[in-house]
Asks: 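One structure follows; several queries about it will come next.
Residue numbering restarts at 1 for every chain, and letters A, B, ... go by the order of the sequence lines. Because the structure is a prediction, the values reported are computed rather than measured.
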There are 2 protein chains.
Amino acid sequence: MLSEKQKELIERIGVFHEHKGMQPLVGRIIGLLLVHSNAEATFEEIVEELSVSKSAVSNALTFLQAKERITYHTKPGDRKRYFSLRMKNWSEELEKEMLEITKMKIFIDDVIKEREGSSCAEFKKCLVDFSDFLEFFKSEIPSIFKKFRSQKA
Amino acid sequence: MLSEKQKELIERIGVFHEHKGMQPLVGRIIGLLLVHSNAEATFEEIVEELSVSKSAVSNALTFLQAKERITYHTKPGDRKRYFSLRMKNWSEELEKEMLEITKMKIFIDDVIKEREGSSCAEFKKCLVDFSDFLEFFKSEIPSIFKKFRSQKA
DNA sequence: TATTTGGTTCTTTTTTTTGTGAACCAACCG
DNA sequence: CGGTTGGTTCACAAAAAAAAGAACCAAATA
């Protein structure tokens, strides 16, 4: 069902997602759904194509649904679920990732507060600068998407 | 040496970095260096304040140096190394993180290529759109920093 | 009603990651 | 020299993450 090239690509996609902290199987399922010729796969197919246990797949799919990365639909007279990526979401997904970066600001600000009245002026200036940038970046995120849309049209 | 509040903050910073895929001790060392009143710490101090073994600290510090997240300097007549965060780097660091997001483009493009000639027009459109955005975002990164600098001045 | 299908849950096993501790080494110190 | 200091390395242990497998369940089917 899957060519060597496809399997390799799935593996690469899996590793990429692992690096972002996802568990291995979750990443490879994303890979499979991206590569799969119908852009969707059944529970069974996932078990077979990735040769993992049903329980592992069940857990991974539950996780992916909780994170709203996938959905499934069913076909009349067919009890199987057809899982697919919620691709229309990609911009929300990316926005989340960008926001994730800015989350640092929360503890950076706490560090700044904690260091109030202490020395290390140079260091503290860096921290404030850093925090300012994170705030700036957060506020810029919507504009980035807006700019892309308008530039595209 | 460290207050409860400081320890808690270090722990939070540690967990944040763990979520990004760093190993626990590495994240907590970053936390310690951020919170430490001198903004620097010796090997010994790290061992004591975080109550971990010398070997664990040695490995974590080697890692952090390899990643260019820390440096050390020495003091005349003192063999100890004083480790500190390379804070002036924060913008490079952030830039790397943003670029990391765009790395997805590489395999998204491979997926697009792999799907050439297949159906799922809707899905493929999403992929192309996604890829285009990643390209756009990558090209925008320098402007974001530039805009921040000019807006600050 | 018995059986198959599609999937979940729970317990156990395997694997990986993280950290320990002892031995070691090089530089300096007395 | 012989010992101390500052740190590294390596073999191993503890802990956590990932996956397996069997038992189970609910809906559909025969």
Side-chain angles (χ1 to χ4, degrees), chain A residues 7 10-11 13-33 36 38 40-67 69-84, chain B residues 7 10-11 13-33 36 38 40-67 69-84:
Chain A
K7 283 185 196 171
I10 290 173
E11 223 52 37
I13 295 171
V15 169
F16 179 88
H17 285 90
E18 268 186 75
H19 285 332
K20 298 207 302 182
M22 285 184 180
Q23 55 196 92
L25 183 54
V26 167
R28 280 183 292 148
I29 288 177
I30 292 175
L32 175 59
L33 295 178
H36 192 287
N38 303 328
E40 64 182 23
T42 64
F43 188 95
E44 234 196 329
E45 267 182 296
I46 298 171
V47 166
E48 278 164 22
E49 299 291 8
L50 302 181
S51 34
V52 279
S53 67
K54 289 204 293 172
S55 49
V57 170
S58 179
N59 289 326
L61 290 177
T62 301
F63 174 84
L64 281 165
Q65 290 177 81
K67 289 263 168 184
R69 294 295 306 270
I70 61 173
T71 15
Y72 65 83
H73 65 107
T74 49
K75 297 182 182 182
D78 183 353
R79 214 138 54 84
K80 280 175 188 138
R81 291 171 192 171
Y82 291 78
F83 295 93
S84 57
Chain B
K7 282 185 195 170
I10 290 172
E11 221 52 36
I13 295 170
V15 169
F16 178 88
H17 285 90
E18 267 186 76
H19 286 331
K20 298 207 301 181
M22 285 185 180
Q23 56 196 89
L25 183 54
V26 168
R28 280 183 291 150
I29 288 176
I30 292 175
L32 175 60
L33 295 179
H36 191 287
N38 303 133
E40 65 182 22
T42 64
F43 188 97
E44 234 197 328
E45 266 181 298
I46 297 171
V47 167
E48 279 164 21
E49 300 291 8
L50 301 182
S51 34
V52 279
S53 66
K54 288 205 294 173
S55 48
V57 170
S58 178
N59 288 327
L61 289 177
T62 301
F63 174 85
L64 281 165
Q65 288 177 83
K67 290 263 165 184
R69 294 294 307 269
I70 62 172
T71 15
Y72 65 82
H73 65 106
T74 48
K75 298 182 181 181
D78 183 353
R79 214 137 55 82
K80 279 176 190 138
R81 291 170 193 172
Y82 291 79
F83 295 93
S84 55

Asks: Check whether A:N38 reaches the backbone of A:E40 with its side chain - one donor and one acceptor, N or O, closer than 3.5 Å.
Replies: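 No, A:N38 side chain to A:E40 backbone: no donor-acceptor pair under 3.5 Å.
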Asks: Which atoms form the tightest heavy-atom contact between B:A60 and B:I29, and what is the distance?
Replies: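 Here B:A60 and B:I29 meet closest at CB-CD1, 3.6 Å.
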Asks: Given atom NZ of A:K80 and atom P of D:dA28, what is their separation to the nearest angstrom?
Replies: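 Between P of D:dA28 and NZ of A:K80: 15 Å.
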Asks: To the nearest angstrom, how far is A:F63 atom CZ from C:dG7 atom C1'?
Replies: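 That distance rounds to 20 Å.
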Asks: Working note: A:F43 + A:V47, criterion side-chain contact (heavy atoms from CB on, under 4.5 Å); need CA distance, chi angles, decisive distance, verdict.
Replies: CA-CA 6 Å; A:F43 188 95; A:V47 166; 3.8 Å; yes
Asks: Check this one for me: any side-chain N or O of A:R81 less than 4.0 Å away from OP1 or OP2 of C:dT8?
Replies: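 Looking at the OP1 and OP2 atoms of C:dT8, one of them is under 4.0 Å from a side-chain N or O of A:R81.
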Asks: Return the minimal non-hydrogen interatomic distance between B:H17 and B:G27, and the atom names on each side.
Replies: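 For B:H17 and B:G27, the tightest heavy-atom pair comes out as CB-CA, 3.7 Å.
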Asks: Measure from CD1 on A:I70 to P on C:dG7 and round the result to the nearest Å.
Replies: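 Distance check: A:I70 CD1 to C:dG7 P gives 11 Å.
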Asks: Starting at atom CD of B:E48, determine the distance to atom C1' of D:dG7, rounded to an integer number of angstrom.
Replies: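 Whole-Å distance recorded here is 14 Å.
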Asks: Write down the distance between CG (A:D78) and C1' (C:dG6), rounded to a whole number of angstrom.
Replies: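 Roughly 10 Å, once rounded to whole Å.
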Asks: Expressed as a whole number of angstroms, how long is the span from B:H17:NE2 to C:dT18:P?
Replies: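 Value for this atom pair: 15 Å.
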Asks: Just how far, in rounded Å, is P of C:dT8 from CD of A:Q65?
Replies: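 The answer, rounded to whole Å, is 8 Å.
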Asks: Using a cut-off of 4.0 Å between protein heavy atoms and nucleotide atoms, how would you tag nucleotides 19-30 of chain C 5' to 3' with B, S and -?
Replies: SBB-----BS--
Asks: B:T71 vs B:S84, test: side-chain contact (heavy atoms from CB on, under 4.5 Å). Steps then yes/no.
Replies: CA-CA 6 Å; B:T71 15; B:S84 55; 4.3 Å; yes
Asks: In whole Å, what is the span from the CD atom of B:E18 to the P atom of D:dA15?
Replies: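 That distance rounds to 16 Å.
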Asks: Given B:M22 and B:I30, is the side-chain contact (heavy atoms from CB on, under 4.5 Å) satisfied, shown in steps?
Replies: CA-CA 11 Å; B:M22 285 185 180; B:I30 292 175; 4.1 Å; yes
